[in-house]
Amino acid sequence: RYCHVNVPDELLRDLLPGPVTLVLKRSEELNKDLNPFTSLVGVRIPNHPFIRDLARACSGPLALTSANISCQASTLTVAEFQDLWPQLSLIIDGGPIGDVQSPECRLGSTVVDLSVPGRFTIIRPGCALTPTVEILRQKYGLVPGSS
């Protein structure tokens, strides 16, 4: 209800939940203060029980960002961003969000723009690039758009 989905439900089920963020056209129902200077919005459903339980407990969408300084590696535990704690109002420790020894887990989600029918544009390669592109191209016949 917060975005205009212009892809098959099966495509959504193939990519979500997981390490993929889908960029779609925002709907009028989405709070105008979220991404106010664009007609697009990123939608992600992580495959992590804690954050999914938290999302179910809320009555609307969650606006989240990674707990790291921009352009630095993603953090996987709350202890890894303790330098930011004084600037935060609330910290919830739901446990590690990946294998802390795996460099791939620190790449963040693969961000793909699906706002143009029949096309996809990779905004950030992230940790799931290859399987995401294979699904979009081979299973759904989408073609790469301009970046």
Y2 and N31: side chain donor to acceptor below 3.5 Å: no
Is a donor on one side and an acceptor on the other found under 3.5 Å between the side chain of T110 and the backbone of P125? yes
Can you tell me if H48 uses its side chain to pair, donor with acceptor, with the backbone of G18 under 3.5 Å? no
Rounded at 0.5 Å granularity, tell me how far CG in L142 sits from CG in L114. 6.5 Å
Out of curiosity, S109 OG to L15 CG, how far, rounded to the nearest 0.5 Å? 11.5 Å
Answer yes or no: is there a donor N or O on one side and an acceptor on the other, between the side chain of S27 and the main chain of E29, under 3.5 Å? yes
Is there a side-chain contact between P61 and L30 (heavy atoms, below 4.5 Å)? yes
Begin with the C-alpha distance, continue with both residues' side-chain angles, and end with the deciding distance and a verdict on salt bridge (charged side-chain N to carboxylate O under 4.0 Å, His left out) for K139 and E10. CA-CA 10 Å; K139 188 168 182 181; E10 187 178 358; 3.1 Å; yes
Begin with the C-alpha distance, continue with both residues' side-chain angles, and end with the deciding distance and a verdict on side-chain contact (heavy atoms from CB on, under 4.5 Å) for D14 and L12. CA-CA 5 Å; D14 283 342; L12 298 177; over 6 Å; no
Are any side-chain N or O atoms of R26 and backbone N or O atoms of H4, one a donor and one an acceptor, separated by less than 3.5 Å? no
Give a yes or no on whether the backbone of L11 and the side-chain of Y140 come within a donor-acceptor separation of less than 3.5 Å. yes
Under 3.5 Å: donor-acceptor pair, side chain of W85, backbone of A79: no
Flag the pair T21 / V43 as yes when at least one side-chain heavy-atom distance between them is below 4.5 Å, and no otherwise. no
CZ of R124 to CG of D113: how many Å apart, nearest 0.5 Å? 14.0 Å
Run the numbers on N47 and R52 for side-chain contact (heavy atoms from CB on, under 4.5 Å), then give the verdict. CA-CA 7 Å; N47 195 14; R52 291 178 66 192; 3.6 Å; yes
Reported CG-to-CD1 distance for the pair L54 and I92, which is rounded to 0.5 angstrom: 5.5 Å
Do R44 and P19 touch side chain to side chain, with heavy atoms closer than 4.5 Å? yes
Within a strict 4.5 Å, meaning less than it, do heavy atoms of the V41 and L34 side chains meet? no
Partner of L136 by side-chain contact (heavy atoms from CB on, under 4.5 Å), out of V7, V112, V143: V112
CG of L40 to CG of L22: how many Å apart, nearest 0.5 Å? 12.0 Å
Run the side-chain contact (heavy atoms from CB on, under 4.5 Å) check on I135 and T132 step by step: do they pass? CA-CA 5 Å; I135 288 168; T132 300; 5.9 Å; no
Hey, does C58 have a side-chain heavy atom less than 4.5 Å from the side chain of R56? no
Go through it in stages, so that I can follow the logic: the residues are F50 and D93, the test is side-chain contact (heavy atoms from CB on, under 4.5 Å), and I'd like the CA-CA distance, side-chain angles, deciding distance and then a yes or no. CA-CA 9 Å; F50 173 78; D93 187 351; over 6 Å; no
